[in-house]
Amino acid sequence: MLRRAFESLPEDCSITIVFNDTPANDYNSLSTTIDHFLRVPEVTNSRSIMSLMAPQSYYDQIVPNEYIDIGFSTACLHWISCLQPASGDLLPIDADVSAAVLADITRFLHTRYHEVRQGGHLLLSFPVDGELSLKCAYTSILESLHDLAAEGTISKTAASKFRLPFHFRTPEEIAEALHAVRGQWQVEEHFTRDVAHPAFLQFQSKLANSSSGVPDPTDLDTYCQAISGGFVAIIGNTVVDTARMLEDKPNSADTIRTRMVEKLRQRLRKSDFWKVPLGNKYVFLKLRKI
């Protein structure tokens with residue numbers, strides 16, 4: 001995405017990139033990725049590219065007013081602040097978060113409004129509610145947490161209180177948020193796309209070659225391992241945060257994540273999640289600051 005943005009700019013220009021997410025993210029990993037990316041000659045050419053990192057939350061202002069020409073946000077606006085253990089408030093499993101969902105996205109858009117120059121753009125993409133989803137694996141995720149509790153990796157309290165820290169917005173919720181900032185942002189493009197998980201597509205291509213319609217055990221193991229590792233990469237830190245909140249001497253983060261990958265893989269292997277398409281519907285928005 002950044003490479004495409006660079007290619008649209010003059011080769012002798014100066015570019016500043018500001019990377020930001022939340023303080024809970026692994027900024028060491030980000031630093032390594034940025035350094036590798038900016039050392040590729042065809043990326044930089046004769047352009048002068050400066051990179052900065054802002055370790056505050058993306059719900060807060062991170063640069064001066066009128067500082068940004070183009071803002072990108074990909075696959076993060078489905079995370080809800082009040083559902084993250086780091087917020088210090090663990091909500092009940094059945095708590096209504098509709099008000100928090102609207103508050104989060106309008107706060108994000110209001111904050112970005114101050115940072116972007118007039119006429120500048122904000123490009124957003126995040127998973128939303130749709131038939132294509134990750135829900136077929138949710139039961140296995142919650143079961144794997146109770147498996148972790150049974151073996152003592154996390155406490156039973158942490159397993160029972162954990163809640164998946166995201167919400168997939170409906171079209172009505174997105175429309176409500178855009179209406180709330182209609183005086184700040186003009187919608188130039190708004191569309192959705194179904195995006196199947198790459199591991200699911202690879203698994204399905206192999207399953208299609210099976211005359212029995214039953215997956216090869218090795219192919220199924222590979223698929224389960226990919227999905228297990230992917231989910232733990234996404235939500236593993238929130239499981240760790242929950243354990244730290246509720247336990248006096250929690251296991252190390254590496255131990256919790258490693259054991260969760262294995263327990264989730266086992267649960268997925270026993271389930272029939274492989275029969276259901278796995279992926280997400282994504283919304284894509286191009287907004288221009290008024």
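Each residue takes its place number in the sequence, starting with 1.
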Legend entry - S228 versus R265, closest heavy-atom pair with distance: OG-N, 3.4 Å

Legend entry - Residue pairs fulfilling side-chain hydrogen bond (donor to acceptor under 3.5 Å, both in side chains) with at least one residue in residues 275-290, sequence neighbours excluded: E66-K289, Q186-R288, E188-R288, D194-K281

Give every donor-acceptor pair under 3.5 Å between a side-chain atom in residues 128-145 and any protein atom, sequence neighbours left out.
unit_1 : atom_1 : unit_2 : atom_2 : d
S133   : OG     : K135   : N      : 3.2
S144   : OG     : I141   : O      : 2.6

Inset, instruction - Show the numbers, then the answer: is there a side-chain contact (heavy atoms from CB on, under 4.5 Å) between V97 and C82? - result: CA-CA 8 Å; V97 296; C82 69; 4.2 Å; yes

Inset, instruction - Using the test side chain to side chain donor-acceptor pair (under 3.5 Å), find all partners of Q56 that sit at least two apart in sequence or belong to another chain. - result: none

Inset, instruction - Could you pull out all residues at least two apart from H179 that satisfy side chain to side chain donor-acceptor pair (under 3.5 Å)? - result: R182

Legend entry - side-chain contact (heavy atoms from CB on, under 4.5 Å) between L122 and Y113, worked out: CA-CA 9 Å; L122 189 59; Y113 176 79; over 6 Å; no

Legend entry - side-chain contact (heavy atoms from CB on, under 4.5 Å) evaluation trace for R193 with F284: CA-CA 8 Å; R193 290 285 186 274; F284 295 86; 3.8 Å; yes

Legend entry - ring pair (Phe, Tyr, Trp, His ring centres under 6.0 Å) pairs, two or more places apart, involving residues 223-254: F203-Y223, Y223-F273

Legend entry - Any donor-acceptor N/O pair, S8 side chain to A5 backbone, under 3.5 Å: yes

Legend entry - salt bridge (Lys or Arg N to Asp or Glu O under 4.0 Å): pairs with one or both residues in residues 198-208, sequence neighbours excluded: K206-D219

Legend entry - All pairs passing ring pair (Phe, Tyr, Trp, His ring centres under 6.0 Å) where residues 237-271 contributes a residue, at least two apart: none

Legend entry - All side chain to side chain donor-acceptor pair (under 3.5 Å) counterparts of S155, not counting sequence neighbours: E247

Inset, instruction - Applying side chain to side chain donor-acceptor pair (under 3.5 Å), name anything that partners D96, two or more places apart in sequence or on another chain. - result: S98

Inset, instruction - Establish whether I49 and F72 are linked, either directly or via other cluster members, by ILVMFWY side-chain heavy-atom contacts under 4.5 Å. - result: yes

Legend entry - Side-chain donor-acceptor contact under 3.5 Å, T153 with N251: no

Legend entry - Pairs involving residues 195-205, ordered by first then second residue, that meet side-chain hydrogen bond (donor to acceptor under 3.5 Å, both in side chains) (sequence neighbours left out): none

Legend entry - Counterpart residues, side chain to side chain contact (heavy atoms under 4.5 Å, CB included), relative to S51 (two or more places apart): F19, I34, L38

Inset, instruction - Could you tell me whether the side chain of D104 reaches within less than 4.5 Å of the side chain of Y59, counting heavy atoms only? - result: yes

Legend entry - Test: R259 and E262 ion pair at under 4.0 Å: no

Inset, instruction - Please test L109 against L124 for side-chain contact (heavy atoms from CB on, under 4.5 Å), starting from the C-alpha separation and ending with a verdict. - result: CA-CA 10 Å; L109 292 173; L124 309 177; 3.9 Å; yes

Inset, instruction - Applying side chain to side chain contact (heavy atoms under 4.5 Å, CB included), name anything that partners H190, two or more places apart in sequence or on another chain. - result: I174, L178, V187, V283, L285

